[in-house]
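What you see is a predicted model, and the numbers here were worked out from it, not measured in a lab. Quick note on labels: first sequence line is chain A, next is B, and so on, each numbered from 1.
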Amino acid sequence: MPSASDRSVFRRDNALFALCVVLSLVMLARPDWGGRVTGLIRGSVLRPFLSIQEWAESSRTARASLDELRSERDSAVHAAQFLHSLRAENERLRALLGLGQRLSTGFIPADVLHQALPTDGRTLLLSAGARDGVRQFDVVVAPAGLVGVVQTVGAGQSIAMTWAHPEFRASAFAQPGDVFGIVAPAVELAGTEHLLQLRGVAIRDSLPAGTLVLTSGLGGVFPPGIPVGTVIGPVTEETGWELVYLLRPAAYPGIGGQVLILRAGAPAGVPDAFTPERAP
Amino acid sequence: MSAPRDRGRLWAVLALLVVLHFALRPRLGAPQIAPDFLLLALMLYAIRSRPGSAALAGFIVGLVGDAMVPARLGAGALAHTVVGYLASWGRAVFFPDNLFVNGVAIAVGAWARNAIQLLASGGGTGGLMVQLFVYAPLQALLTAVTGAVALVVFQRWLDIRLET
């Protein structure tokens with residue numbers, strides 16, 4: 001039988017556990033309270049560690065660039081023997097040139113500081129913050145398309161809410177531009193990959209598989225013309241007056257290492273930047 | 001060996017794991033399955049501490065995680081608190097000083113953390129199954145292997161007599 005002092009220690013352990021669980025539940029219920037605390041942690045205790053991670057990310061990128069350069073050099077030597085191959089390779093590389101060169105609007109490049117938690121990808125920690133000119137609701141894109149929107153801005157880092165976040169919504173249209181809807185993450189427990197849904201499509205409209213869906217610009221947060229995804233097909237359950245289509249996302253936030261943050265207020269050149277034929 | 005010196009060595013190993021989490025992990029690539037050094041540090045601390053301290057340590061590690069990935073604030077804190085508390089109880093009840101059992105405990109802890117956090121985050125967005133049954137087990141396995149290496153390398157510092 002445990003002694004009185006043992007029982008007292010057990011009680012203390014259980015009380016500490018219960019307190020931590022209650023505090024966690026309070027944060028789940030009131031994210032605004034927790035937001036202040038986590039903001040303070042990011043700006044103080046975590047700052048040196050995030051700097052280390054930024055350095056690690058950039059040195060990994062530099063190593064990858066060196067490997068890429070070496071393979072490009074080897075490819076160039078090989079391709080020089082075949083002019084047609086060289087030309088094709090040149091065209092492909094031109095097409096792959098950074099989105100940044102095509103963007104006439106202002107942007108801020110940022111590294112994605114991926115974390116070990118399973119919810120990484122719903123939000124992303126970015127290596128650019130207020131010091132670099134990032135502001136809340138700036139749009140985050142990858143060369144393939146839309147990634148998300150900046151939710152919280154710190155001095156040196158910012159947090160982006162991606163399209164995989166359950167609360168993400170964006171107004172979108174399907175090319176050529178006669179079908180509009182709202183894009184949201186697909187809710188399906190048995191799914192094997194993150195997909196999107198285009199909701200609110202009128203019953204009379206139909207979209208063939210492969211149709212490109214782009215942001216419409218309605219709402220004022222996302223500039224028009226950013227690729228969001230391509231239509232896979234209609235969701236089997238029709239919900240009354242609307243059709244819901246499943247989309248394959250254009251860009252996956254859990255994978256990419258670099259993104260561009262579009263500065264708000266100058267969205268004019270965005271649609272052209274994502275049009276392949278306008279590549280230099 | 002004196003208790004303060006033991007404690008100092010434990011904290012040195014934990015500090016090393018924290019630094020590795022930020023300096024080494026990004027270089028490994030594949031962020032969804034790369035070993036989680038912070039969780040490993042929590043598990044190493046939890047299996048040597050009282051359940052209350054382990055729960056508090058878990059809450060702090062979870063809060064730090066929530067600061068970096070605030071998809072659903074509180075989910076990380078809850079998941080790490082539960083895992084820290086149970087790991088400490090598990091050690092008191094049945095964990096022998098066996099490398100394999102320690103590895104399995106770390107793997108189960110890593111998977112349980114991911115499962116609790118995903119379920120507490122809610123949303124039911126696509127990819128939950130692949131997260132739970134593909135990425136989470138792979139990350140748990142890699143974290144366990146890393147943990148086993150850490151236990152072998154630092155067993156004298158951690159004052160553990162491992163049976164193999």
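The greatest number of non-hydrogen atom pairs below 4.5 Å with chain A, out of B:Ala55, B:Ala77, B:Pro51, is found for B:Pro51. Comparing A:Ala116, A:Ala56, A:Gly257 by how many heavy-atom pairs each has under 4.5 Å with chain B, the most go to A:Ala116. With chain A as the partner, the residue from B:Val18, B:Val69, B:Ile33 showing the most heavy-atom pairs under 4.5 Å is B:Val69. When B:Asp36, B:Asn114, B:Thr143 are compared by the number of non-hydrogen pairs under 4.5 Å with chain A, B:Asn114 comes out ahead. Annotation: maximal heavy-atom pairing with chain B below 4.5 Å, among A:Leu40, A:Leu125, A:Thr38, A:Thr162, occurs at A:Thr38.
With a 4.5 Å cut-off on non-hydrogen atoms, B:Ala23 touches chain A through its backbone and its side chain both. Residue contact with chain A, scored on non-hydrogen atoms closer than 4.5 Å, involves the side chain of B:Phe59 exclusively.
Residues satisfying the side-chain contact (heavy atoms from CB on, under 4.5 Å) test with B:Arg72, not counting sequence neighbours, are A:Leu28, B:Ala75, B:Ser121.
Taking both residues in full, the closest heavy atoms of B:Pro31 and A:Gly254 are given as CG-O, 4.0 Å, listed atom of the first, atom of the second, then distance. Between B:Arg25 and A:Gln115 the shortest heavy-atom distance is NH1-C, 3.7 Å. The shortest non-hydrogen separation linking A:Glu57 to B:Pro26 is OE2-CB, 3.6 Å. Closest approach of B:Ala67 to A:Leu46, counting heavy atoms only: CB-CD1, 3.9 Å.
Shown here is A:Glu167, whose CD atom has no more than 12 heavy atoms of other residues, nucleotides or ligands within 6.0 Å. Counted within 6.0 Å of CZ on A:Arg47, heavy atoms from surrounding residues, nucleotides or ligands total 12 or fewer; the atom is thus considered open. No more than 12 heavy-atom neighbours from other residues, nucleotides or ligands sit within 6.0 angstrom of OH on B:Tyr135.
Considering only heavy atoms from C-beta on, B:Pro70 comes within 4.5 Å of A:Ile159 through its side chain. A 4.5 Å side-chain heavy-atom check between A:Val45 and B:Val64 finds every atom pair outside the cut-off. Side-chain contact between A:Ile41 and B:Leu63: present, with at least one pair of heavy atoms (C-beta onward) separated by less than 4.5 Å. Here the side chains of A:Leu113 and B:Phe22 are not in contact, with every heavy-atom distance at 4.5 Å or above. Looking at heavy atoms from C-beta onward, B:Arg113 lies in side-chain contact with A:Pro118 at the 4.5 angstrom threshold. With a 4.5 Å cut-off on side-chain heavy atoms, A:Val9 and B:Arg50 count as touching. Side-chain contact between B:His80 and A:Leu117 is present, with at least one heavy-atom pair separated by less than 4.5 Å.
The backbone N or O of B:Ala71 lies less than 3.5 Å from no partner atom in the side chain of A:Arg122, so there is not a single donor-acceptor pair.
For the atom pair CZ (B:Arg27) and CD (A:Gln53), the distance works out to 11.5 Å, reported to the nearest 0.5 Å. Atom CG in A:Leu50 sits 6.5 Å away from atom CE in B:Met68 (nearest 0.5 Å).
Taking non-hydrogen atoms and a 4.5 Å limit, the residue list of residues 17-26 of chain A in contact with chain B, ordered by number, reads A:Phe17, A:Cys20, A:Val21, A:Leu23, A:Ser24, A:Leu25.
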Can B:Trp89 and A:Phe10 be said to form a ring pair (Phe, Tyr, Trp, His ring centres under 6.0 Å), step by step? CA-CA 11 Å; B:Trp89 268 115; A:Phe10 287 149; 5.7 Å; yes
